[in-house]
> 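Below are the structure tokens for one structure; questions will follow.
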Amino acid sequence: MKSKLLLMSAALIFCSQITFAQKKYSQKQIDALKAEVSQLVQENHKMSQVMVDKIFSFAELGFHEVESSKYLTGILEENGFTIEKGVSGIPTAWFATWKNGEGPVIALGSDVDCIPKASQYPGVAYHKPMVEGAPGHGEGHNAGIPLNITAALAVKKIMEREKIGGTLILWPGIAEELVAAKAWYTRDGLFDNVDLCIFTHVGNNLGVSWGQSSGTGLISVEYTFSGEAAHSAGSPWRGRSALDAAELMNIGWNYKREHLHPLKRSHSIFTDGGDQPNVVPSKASIWYYFRDVTYEGIMEMYETANKMAEGAALMTETEVSSKILGTAWPRHFNKVIAEQMYQNILKVGLPQWSEEDQMLAKAVQEEVGSSRENGLPTKLDTLGLPVTQPVSGGSDDIGDVSWVVPTVTLRFPSNIPGLQGHHWSNAIAMATPIAHKGVTQGAKAEAMTILDFLLKQELVDQAWDYFKNVQTKETQYKPMITADDAPPIYLNTEIMNRFKPELQKFYYDETKFETYLEQLGVKYPTVKRD
């Protein structure tokens, strides 16, 4: 009898899943559901604002997004998501999953870490750190996951009521500023059973693109030289300076720059230069980013740098070792997802900016000497098309994800145009009505796009057709890391240990204050110095 009940139960579950997967909706019905999900997002604007402000207040560097991850996973857990923590050996990394029968598996990702030395009062149009020298959200990574959660919860409500089959997965781009997590996610197969990925990143307009993106991929490598200590004055001839080796490598690479193609980029810092001047350094390290617009070009630079490191070690009779600290493939985004999303962007449109929003934006643009001083955008961007001529620039490890599953990046208008990036000025808008409005508009476009792909299996099939027969027809993804490379979770520890006690005094308490600006006592906007 028990076995019969089990069989009946299994059959019922199977039938239920088939029903979920096979239910068809007319375009009129789909449009009605998309209009409803957009309204649900708007109704949750307050929830979005609180999440955006809360993450801004934590101001956590890569691999130390402890409070941010605890807070965000708590919200998801309360809403029925199953949380897997510590994925890929990264303590602050997590994947949150909610399944409603059989159907497309859609992953929603965004970054959460902040920038060193970017502490800044929001809503204040000049440099005013909350904690001098502390980290801050000068990249705007406090807004993306709140956007995804807002969209996901609105879609989830409709999926439950309508019995729409599918799975929603939310995940964070941990330590994106170090490009040091997503390659580990892909290496470990975390996207192997995902049908498509929608990534979100703060911008200054509402837009999406497809095909090869502008910008570069990179490999992040630290070279460590080991020598022999000695008294720098008493017996320097007995020492073998690791710092000499690191400096010689740096000189060699700087001479190499003259012969790099203009599309290539490289930058470095010394992470260990010895202990004190009267001791010949027995250890020294230099950390490089090597960037190019192709995987092959990146690996060519890496090979050249390895030879230079070996040469520097030979010249100084030291030994050298190296460690990969992060990687990012050049990005390639999916045509089908992007085109469908752009249709929803056209329906959603840009936020309605207030006079105060525009006043803040123009004051910040003037403060930093921007060539653009016309405030916030009032016209949507066009759909971004593949670059016809490669353009150098920044990197993002969403590139690795884009080569294992059909992916797009939705850029949403929560920041101010014309700023330099990775800078305190980019934090000014990120806990203000500008950020809140941009997140709500972005969440509408994302939620509508999720419904499109849940309800139209042919769109999922078309996205994979582009991925297999266009994107990866001639280019195959090869991870730059090996099975033995561990994520460098020790990075930023010293900085966060130093500043977290002071930053904790500024954590946002939404039970006492409507907004973070209110808690901080900031009049919006503040455009003139006291």
Side-chain angles (χ1 to χ4, degrees), residues 38-60 67-68 70-76 78-79 110 112 114 118-126 128-131 134 136-138 140-154 157 202 350-361 363-364 376 412-416 424 426-444 447 502-528 530:
S38 178
Q39 183 59 36
L40 288 172
V41 167
Q42 185 63 51
E43 291 170 3
N44 282 329
H45 180 74
K46 174 61 180 176
M47 178 187 70
S48 303
Q49 171 254 307
V50 170
M51 289 190 289
V52 168
D53 288 1
K54 194 86 168 178
I55 303 303
F56 183 95
S57 75
F58 292 144
E60 295 174 306
E67 302 299 333
S68 302
K70 180 181 177 182
Y71 171 69
L72 294 167
T73 56
I75 293 170
L76 290 165
E78 287 174 7
N79 284 278
S110 198
V112 71
C114 69
S119 179
Q120 171 67 26
Y121 274 87
V124 177
Y126 49 85
K128 185 180 179 183
M130 288 191 285
V131 177
H137 274 287
H141 285 173
N142 59 300
I145 296 180
L147 185 160
N148 291 346
I149 290 177
T150 302
L153 295 186
K157 186 173 183 178
V202 66
L350 287 167
Q352 293 296 310
W353 307 119
S354 69
E355 184 180 339
E356 291 78 12
D357 298 334
Q358 292 287 13
M359 188 185 304
L360 178 70
V364 175
L376 300 167
F412 56 95
S414 286
N415 216 309
I416 298 168
W424 54 264
N426 292 82
I428 290 172
M430 291 313 304
T432 73
I434 295 171
H436 308 147
K437 293 173 186 177
V439 163
T440 292
Q441 294 304 95
K444 290 176 184 177
E502 287 301 309
L503 290 168
Q504 286 174 328
K505 300 173 185 177
F506 289 89
Y507 286 180
Y508 174 40
D509 185 350
E510 70 277 19
T511 66
K512 295 181 180 178
F513 302 95
E514 280 294 309
T515 67
Y516 196 39
L517 292 177
E518 180 187 346
Q519 178 172 323
L520 296 173
V522 173
K523 180 184 176 182
Y524 182 75
T526 298
V527 299
K528 294 181 180 179
D530 298 333

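Please read these numbers as outputs of a predicted model, since none were measured by experiment.
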> Do Val124 and Leu360 have side-chain heavy atoms sitting under 4.5 Å apart?
no
> Using 0.5 Å steps for rounding, measure from the CG atom of Leu147 to the CG atom of Asn142.
11.5 Å
> If you take all heavy atoms of Glu518 and Glu514, which pair is closest and at what distance?
OE1-N, 3.0 Å
> Are Glu67 and Lys54 ion-paired here, with the side-chain N under 4.0 Å from a carboxylate O?
no
> Would you say Asn148's side chain and Ile145's backbone share a donor-acceptor pair under 3.5 angstrom?
no
> side-chain contact (heavy atoms from CB on, under 4.5 Å), that's the test. Do Glu60 and Leu503 meet it? Break it down for me.
CA-CA 9 Å; Glu60 295 174 306; Leu503 290 168; over 6 Å; no
> Take a 6.0 Å sphere around NZ of Lys70 and say whether it holds more than 12 heavy atoms from other residues, nucleotides or ligands.
no
> Which heavy atom in Cys114 sits nearest to a heavy atom in Gly136, and how many Å separate them?
CB-O, 3.1 Å
> Please check if the number of heavy atoms outside Gln39 that lie under 6.0 Å from its CD is greater than 12.
yes
> Return yes if a side-chain donor-acceptor contact under 3.5 Å exists between Lys128 and Gln120, otherwise no.
no
> Is there a side-chain contact between Pro146 and Phe56 (heavy atoms, below 4.5 Å)?
no
> Answer with yes or no after comparing the ring centroid distance for Phe58 and Tyr507 against a 6.0 Å cut-off, counting only values under it.
yes
> Using every non-hydrogen atom in the two residues, find where Pro433 and Asp357 come nearest and quote the distance to one decimal.
CB-OD1, 3.7 Å
> Is the closest side-chain heavy-atom distance between Val439 and Met51 below 4.5 Å?
no
> Just wondering, do Pro413 and Pro351 contact through their side chains at under 4.5 Å, heavy atoms?
yes
> Given side-chain contact (heavy atoms from CB on, under 4.5 Å), test Asp509 with Gln519 step by step and report yes or no.
CA-CA 8 Å; Asp509 185 350; Gln519 178 172 323; 3.9 Å; yes
> Distance from Tyr524 atom OH to Thr515 atom OG1, nearest 0.5 Å?
11.0 Å
> Any chance you could measure Ser38, atom OG, to Gln441, atom CD, to the nearest 0.5 Å?
7.5 Å
> If you compare all heavy atoms of Val52 against all heavy atoms of Met430, which two are closest, and at what distance to 0.1 Å?
CG1-O, 3.4 Å
> Let me confirm one number: the OH-NE2 distance from Tyr516 to His436, rounded to the nearest 0.5 Å.
11.5 Å
> Given Ile416, which partner from the list Thr432, Leu376, Asn426 fulfils the side-chain contact (heavy atoms from CB on, under 4.5 Å) test?
Leu376
> Identify the heavy atoms of Ser414 and Ala435 that sit nearest to each other, and give their distance.
OG-O, 2.9 Å
> For the OG1 atom of Thr150 and the CD atom of Gln42, what is their distance to the nearest 0.5 Å?
11.0 Å
> Taking C-beta and beyond as the side chain, do Leu350 and Lys437 meet within less than 4.5 Å on heavy atoms?
no
> How close do Val41 and Ala447 get, heavy atom to heavy atom, and via which atoms?
CG2-CB, 4.2 Å
> Examine distances only and state if a side-chain atom of Gln49 and a backbone atom of His45 form a donor-acceptor pair shorter than 3.5 Å.
no
> Could you state the interatomic distance from CZ (Phe513) to CG (Leu520), rounded to the nearest 0.5 Å?
9.0 Å
> Between Thr526 and Tyr126, is the side-chain contact (heavy atoms from CB on, under 4.5 Å) condition met? List the steps.
CA-CA 9 Å; Thr526 298; Tyr126 49 85; 3.8 Å; yes
> Quick check against the 3.5 Å criterion: does Lys157 have a side-chain atom that pairs as donor or acceptor with the backbone of Leu40?
no
> Just by distance, with hydrogens left out, do Thr440 and Ser48 show a side-chain donor and acceptor under 3.5 Å apart?
no
> Go through Met47 and Leu153 one step at a time and tell me if the side-chain contact (heavy atoms from CB on, under 4.5 Å) criterion holds.
CA-CA 11 Å; Met47 178 187 70; Leu153 295 186; 4.1 Å; yes
